[in-house]
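None of the values given here were measured: they were computed from a predicted structure.
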Amino acid sequence: MGAPKANDPCWCGSGQKFKRCHKGAFEPVRAGRLSPTRAVPAEIGRPPYAETGDPPGDDEPTVKSSDVLDRMRRSCTLAADVLVAVGQAVRPGVTTDELDALCHAETVAAGAYPSPLNYHGYPKSLCTSVNEVVCHGIPDDRRLADGDIVNLDVTVYREGVHGDTNATFMVGQVDDESRRLVRVTRQCLALAIDAVRPGLPVNVIGRAISAHADEHGFGVVREFVGHGIGEQFHTGFQVPHHYLPGLQTVLEPGMVFTIEPMITMGGWRTRMWSDGWTAVTMDGRRTAQFEHTVLVTDDGCEILTVPSDESRRRLHPYWTS
Ligand code: MF3
Ligand code: CO
Ligand code: CO
């Protein structure tokens with residue numbers, strides 16, 4: 001496909017010139033300017049890295065006590081509600097920093113700490129990953145453009161535990177191939193969740209995701225994986241999204257971890273911007289992601305990052321798009 005010319009009619013059928021319509025959708029994402037660090041009220045409980053930037057360990061057991069699980073259910077519900085609230089603000093013209101401000105405000109209003117803030121020195125409260133950004137995009141003064149896709153990744157810390165979830169949102173009118181990417185990515189997460197059962201190896205997750213992505217001609221990112229989570233943001237327990245036949249760790253009831261496949265239109269290889277956070281596809285093609293924190297039950301898998309009510313669920317791309 002040749003690059004469209006500025007004054008051609010836009011391919012989306014709007015009748016507008018391409019330069020006034022979907023031009024931004026083909027320009028690479030560039031780093032913008034960061035706003036000053038946002039403060040968290042002193043009365044809010046902080047994770048151990050909040051001051052130092054260094055999380056103390058990754059040795060937490062994957063199977064949770066009932067006490068930790070009860071607290072995690074509440075943090076996960078909150079994370080899902082914040083994701084829906086921030087997603088409601090996605091539209092052409094809004095900056096990713098404005099989305100960060102909203103995420104920060106909603107999180108602290110609920111008495112929680114925004115987990116990304118100062119995690120290994122990360123400067124913001126939300127990750128905003130646009131178009132070819134695979135994950136960990138840093139909110140800045142870039143305005144979302146009609147035709148963009150943007151992943152919002154929300155993690156909150158309350159009652160001493162984290163809840164982690166993300167979804168990819170469409171900005172205005174999005175082209176068919178990007179819509180297909182987002183749909184297939186959401187299906188990859190759903191199929192992975194369906195594959196989880198106690199007694200099976202962890203690699204059933206990557207097998208389900210890879211099979212569906214392959215069928216649609218899409219790639220599966222390998223450099224970033226799902227993870228155990230609880231009192232620690234990321235534990236040493238890893239959940240690869242591609243198929244590793246030799247990975248035989250067995251799923252057990254009571255385990256809690258994330259599944260967060262990143263699916264690419266082209267190749268799965270990524271590179272990192274010089275900011276040390278922003279991961280982009282090597283080939284510059286688009287990528288999408290969905291994430292849930294899940295619990296292995298006695299006979300399957302329960303999603304913990306479900307919004308608190310039906311009206312919020314109807315606004316969530318995992319349950320609607
Ligand atoms: N929420 C991301 C995940 O799904 C991690 C973000 S770490 C940050 O694991 F420092 F970039 F915020
Ligand atoms: Co995660
Ligand atoms: Co996340």
Reported [atom1]-to-[atom2] distance for the pair [X] and [Y], which is rounded to 0.5 angstrom:
X: Thr96; Y: Leu144; atom1: OG1; atom2: CG; result: 6.5 Å
X: His104; Y: Leu117; atom1: NE2; atom2: CG; result: 6.5 Å
X: Leu304; Y: Leu69; atom1: CG; atom2: CG; result: 6.5 Å
X: Gln173; Y: Asp146; atom1: CD; atom2: CG; result: 6.5 Å

Single-linkage hydrophobic cluster [X]~[Y], side-chain heavy atoms < 4.5 angstrom:
X: Val296; Y: Val63; answer: yes
X: Tyr243; Y: Val202; answer: no
X: Phe237; Y: Phe224; answer: no
X: Val204; Y: Val239; answer: yes
X: Val221; Y: Phe290; answer: no

Can we say [X] and [Y] salt-bridge, meaning some charged N sits less than 4.0 Å from an Asp/Glu carboxylate O?
X: Arg71; Y: Glu231; answer: yes
X: Asp97; Y: Arg38; answer: yes
X: Arg271; Y: Asp283; answer: no
X: Glu132; Y: Arg285; answer: no
X: Glu302; Y: Arg73; answer: yes
X: Asp148; Y: Arg142; answer: yes
X: Asp309; Y: Arg313; answer: no

Handout entry: CZ (Arg46) with more than 12 external heavy atoms under 6.0 Å
Key =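 It does: Arg46 CZ has more than 12 such atoms within range.
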Exercise for the section: Step through the shown structure and confirm whether more than 12 heavy atoms of other residues, nucleotides or ligands are within 6.0 Å of CZ on Arg197. Expected result: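 Counting other residues, nucleotides and ligands, CZ of Arg197 stays at 12 neighbours or fewer.
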Over all atoms of both residues, closest heavy-atom pair of [X] and [Y]:
X: Ala145; Y: Val171; result: O-CG1, 3.2 Å
X: Thr107; Y: Pro114; result: CG2-N, 3.6 Å
X: Thr278; Y: Val133; result: CG2-CG1, 3.7 Å

Handout entry: Criterion side-chain hydrogen bond (donor to acceptor under 3.5 Å, both in side chains) on Lys124 and Ser35, from CA distance to verdict
Key = CA-CA 9 Å; Lys124 292 289 163 192; Ser35 63; 2.7 Å; yes
Handout entry: Passing option when His241 is tested against Gln289, Met262, Arg222 for side-chain contact (heavy atoms from CB on, under 4.5 Å)
Key =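 Going through the options one by one, the only one that passes is Met262.
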Problem - Among Ile263, Thr264, Asp176, the one residue meeting side-chain contact (heavy atoms from CB on, under 4.5 Å) with Leu181 - result: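 The option that passes is Ile263.
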Compute whether any side-chain donor of one residue and acceptor of the other, for [X] and [Y], lie under 3.5 angstrom apart.
X: Asp59; Y: Gln232; answer: yes
X: Ser14; Y: Gln16; answer: no
X: Arg286; Y: Ser178; answer: yes
X: His227; Y: Asp164; answer: yes
X: Asn151; Y: Ser129; answer: no

Between [X] and [Y], how do the two ring planes meet: parallel, tilted or perpendicular, split at 30° and 60°?
X: Tyr113; Y: Tyr157; answer: perpendicular
X: Trp319; Y: His292; answer: tilted
X: Trp277; Y: Tyr122; answer: perpendicular

Practice task
Evaluate the criterion ring-ring contact (aromatic ring centres under 6.0 Å, His included) for residue pair His212 and Phe218; output intermediate values, then yes/no.
Solution key: CA-CA 9 Å; His212 194 59; Phe218 293 148; 9.1 Å; no
Problem - Pairing residues for Ala79 by the side-chain contact (heavy atoms from CB on, under 4.5 Å) criterion, not counting sequence neighbours - result: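 So Ala79 forms a side-chain contact (heavy atoms from CB on, under 4.5 Å) with Val154, Val156, Thr165.
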Ignoring hydrogens and angles, tell me if any N or O in the side chain of [X] forms a donor-acceptor pair with the backbone of [Y] under 3.5 Å.
X: Asn131; Y: Ile149; result: yes
X: Asn203; Y: Pro245; result: yes
X: Asp140; Y: Gly32; result: yes
X: Asp81; Y: Pro307; result: no
X: Thr52; Y: Asp54; result: yes

Exercise for the section: Report yes if the side chains of Gln187 and Thr185 come closer than 4.5 Å at any heavy-atom pair, otherwise no. Expected result: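 The answer is no; the side chains never approach within 4.5 Å.
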Practice task
State, yes or no, whether a side-chain contact exists between Leu247 and Thr249 at a heavy-atom distance under 4.5 Å.
Solution key: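 Side chain of Leu247 against side chain of Thr249, heavy atoms only: contact under 4.5 Å found.
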Practice task
Apply side chain to side chain contact (heavy atoms under 4.5 Å, CB included) to Thr128 and Ile138, showing your working.
Solution key: CA-CA 6 Å; Thr128 53; Ile138 301 172; over 6 Å; no
Problem - Residues which pass ring-ring contact (aromatic ring centres under 6.0 Å, His included) with His242, listed by chain and number, not counting sequence neighbours - result: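 ring-ring contact (aromatic ring centres under 6.0 Å, His included) check on His242 returns nothing, list empty.
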